[in-house]
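Sharing a structure below in structure tokens format, with a few things to ask.
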Amino acid sequence: MRFLFKTDYEDDIRLFPHSGYVVSYGILLALLLIAPYVLSSYLMSQLVFVCIYATVGVGLMILTGFTGQASLGHAAFLAIGAYTAAYLQKYNVPFPVYFVAAGVLTGCIGALVGFPALRLQGIYLVIATISFAFIVEEILARWESVTNGNEGMRVKTLSLLGVTVPRDSPTFYFLCLAVLVLTIVGTLNLLRSPTGRAFVAIRDSETAARSMGINVALYKVKSFAISAAITGFAGVLFAHKLSFISPEMFTLQLSIEFIIVILIGGIFSLHGAVLGAIFIVMIDPFLTYLKDDMPGIIAGIAATFWAGPATAAEIQSKVAAFASLNGLKGAIYGIIIVLFVLFEPLGLYGRWLKIKLFFQLFPLYKRATFKRQKIYVKSERNR
Amino acid sequence: MLDFVQQLVSGVALGCVYGLIALGFVLVYKATEVVNFAQGDLMMLGGFFAFTFIGMMGLNYWVGFAGAVAAMALFGMLAERVVVRPILGYPQFSIIMATIGLGYFLRSIAGMIWGTDDLKIETPFSQGVLRIGSLVLAYDKLSVIAATMILCTLLYLFFNKTTLGTAMRASSENMLAAYYMGIPVKRVVSVVWAISAAVATCAGVLLAPITFIHSNVGLVLGLKAFPAAVLGGFGSIPGAVVGGVLIGVIESMAGFYLAEGWKDVAPYVVLLAVLLLKPEGLFGLHVRKKV
């Protein structure tokens with residue numbers, strides 16, 4: 001294991017604490033860059049979605065993970081970004097302009113949402129953001145002159161500097177990857193700056209933050225604006241990837257999926273946003289895979305160990321019938337969320353940290369290292 | 001004028017259902033500071049249980065109703081034991097996520113067991129109407145209003161007059177202090193969940209003749225019950241019902257007098273306005289901040 005001796009502040013805020021980080025992230029980036037020439041087009045498409053979801057996840061992580069403001073309305077910000085892009089595109093506005101415009105507009109709306117949110121705590125804030133999302137959804141469905149109502153809008157193929165970039169081309173993937181990487185690096189820098197430290201202070205204790213001279217209201221609004229702007233950028237890419245948008249894509253379900261991204265990934269880390277995005281995008285193909293192959297595999301195992309071919313076939317058909325049940329996906333979602341909250345509140349990234357620490361401290365690892373403390377809150381009502 | 005009264009009564013009836021679901025939120029919140037996002041789904045499940053007892057097994061309406069309430073009370077306890085108890089005392093965000101997960105699970109399971117068709121329960125009130133002059137009031141709507149009033153009174157008395165109710169309020173004020181005073185907090189929480197699931201079942205069964213039972217009804221109505229609970233001030237029983245009735249009336253008035261589309265949004269617009277002006281709700285306690 002490697003010991004890091006920090007002797008001054010510069011050591012503490014370094015982007016890469018030691019050379020190992022540079023090497024491993026370099027290898028990861030190289031793999032991601034050659035991915036389009038190796039992977040199938042289906043997997044590439046999933047990878048693009050991972051990038052988009054991870055971007056939203058990073059945005060939401062700033063708000064929920066680092067400022068402690070839960071939001072179930074991020075689908076609305078995504079929708080605003082996507083619709084701005086689709087609308088401006090009709091007037092032949094070039095991509096860089098409407099990309100930035102979407103981010104700025106979403107950021108402004110995010111700040112506007114942030115103002116009422118100043119007076120709200122915990123559950124009230126969650127409900128207020130849900131209400132905001134419902135109102136946006138309804139506006140998108142009704143404001144037909146701009147959004148084309150429930151019929152939805154077609155999004156033209158992206159054209160960047162005169163070159164058309166189809167939604168399944170490697171270039172589009174590189175664009176999404178670039179947006180993700182820039183977002184992550186930007187967020188890392190933000191978190192090293194006074195603003196980021198103010199966010200974390202507000203998350204940990206608003207009263208303490210205020211007594212340290214932090215303008216809590218200002219930073220909460222900032223956090224909302226930044227988070228919304230990032231989500232807006234992701235919205236533009238989302239619109240281009242789907243090439244068609246309509247109000248019923250941006251429902252509460254999608255907001256919950258974004259929360260799941262940061263919850264399952266790991267709520268206090270940027271790694272978590274990416275891991276969670278991978279999880280949420282890959283669960284669908286994984287379930288399809290299970291549905292197609294699991295009956296055969298289970299029947300095969302049964303046949304080799306105890307059952308005759310007749311019972312094996314029976315088992316196979318029963319498993320197949322179970323796997324193609326209608327609500328199976330929702331049930332699995334539900335179970336996964338509950339299990340993560342109960343047993344792994346730090347998410348996938350927390351699990352990785354535990355494994356890493358186990359090998360680093362091998363004979364001395366204590367299971368209680370990451371034990372959660374019950375706080376028996378006095379009552380969040382009185383805060 | 002007649003239209004107005006007609007809309008008012010159906011708004012109040014619908015609002016009472018929102019109020020009943022909101023009551024479930026409030027009970028759990030009052031006792032444990034937990035916001036149960038699966039409350040609407042408990043209601044849906046209660047409706048399905050009642051359908052199984054009444055529609056499929058052919059029991060008497062009242063027996064089936066009681067059976068569904070009892071079964072759901074047990075189920076509420078089970079859900080509390082499995083999902084909520086291990087994370088009691090952790091930050092609210094975890095608990096919100098856990099109950100969202102529970103809601104997902106219940107919705108999908110109900111869809112798997114009872115299918116995705118709309119189901120209907122025959123009730124003793126389904127047919128009749130009450131006529132006052134030229135005003136026509138359906139019995140099923142009146143029954144909802146009456147049941148809400150009875151349930152509220154019972155719960156209010158329970159919370160304020162019984163020892164168990166006092167214990168619940170104490171454990172919500174300060175869980176640790178309640179432990180120290182010898183209140184069996186875990187058992188109290190179990191009972192709270194049982195009561196709230198039972199109340200949700202009442203809402204589900206009463207609602208069955210008005211809107212049909214299907215696996216998503218809990219999500220739709222549960223999300224309407226949130227504004228109701230917030231409007232009344234989370235943690236206030238009379239507030240939940242008044243909030244529910246207000247939301248119901250606003251919704252039905254907006255559906256009748258305003259342009260199309262306002263019906264679904266009006267409750268949330270009102271909610272945002274209330275949150276802006278009076279974040280603690282109409283009946284909420286205003287407690288001073290302490291460091």
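Within every chain, numbering begins at 1; the chains are lettered A, B, ... in the order of the sequence lines, protein sequences first and strands thereafter.
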- Which region of Val83(B), side chain (C-beta onward) or backbone (N, CA, C, O), has a non-hydrogen atom less than 4.5 Å from a non-hydrogen atom of chain A, or is it both or neither? both
- Should Phe105(B) and Ile337(A) count as side-chain neighbours, where that means a heavy-atom distance under 4.5 Å? no
- Message: Is Ile336(A) close to chain B through its backbone or its side chain, or both, or neither, when contacts mean heavy atoms under 4.5 Å?
- Response: neither
- Item | Residue pair Leu272(B) / Ala128(A): nearest heavy atoms and the distance that separates them | CD2-O, 3.8 Å
- Is it the side chain or the backbone of Ile256(A) that comes within 4.5 Å of chain B heavy atoms, both, or neither? side chain
- Can you find a heavy atom in the side chain of Tyr104(B) that is under 4.5 Å from one in the side chain of Gln253(A)? yes
- Task: Considering non-hydrogen atoms only, spot the tightest contact between Ala331(A) and Ser108(B) and give its length.
- Result: N-OG, 3.0 Å
- Task: Please look at Leu72(A) and chain B and tell me whether the side chain, the backbone, both or neither of the residue comes under 4.5 angstrom of a heavy atom of that chain.
- Result: side chain
- Note on the structure: If one checks every heavy atom of Leu223(B) against chain A at 4.5 Å, the contacting part turns out to be side chain
- Measure across Ser131(A) and Leu271(B) and return the closest heavy-atom pair with its distance rounded to 0.1 Å. OG-CD2, 2.9 Å
- Message: I need the Leu219(B) CG to Leu252(A) CG distance, nearest 0.5 Å.
- Response: 6.5 Å
- Nearest 0.5 Å please: distance from the CE atom of Met97(B) over to the CD1 atom of Ile267(A). 8.5 Å
- Note on the structure: Correct closest heavy-atom pair for Val126(A) and Phe37(B) would be CG1-CZ, 3.8 Å
- Relative to chain B, which segment of Ile127(A) carries a heavy atom at a distance below 4.5 Å: side chain, backbone, both, or neither? both
- Under 4.5 Å from a heavy atom of chain B, the part of Thr64(A) involved: side chain
- What's the shortest heavy-atom distance between Val82(B) and Leu342(A), and which atoms? O-CD1, 3.7 Å
- Where do Val341(A) and Ser94(B) come nearest, in terms of heavy atoms and distance? CG1-O, 3.3 Å
- Task: Can you measure from NZ (Lys224(B)) to CZ (Phe134(A)) and round to the nearest 0.5 angstrom?
- Result: 8.0 Å
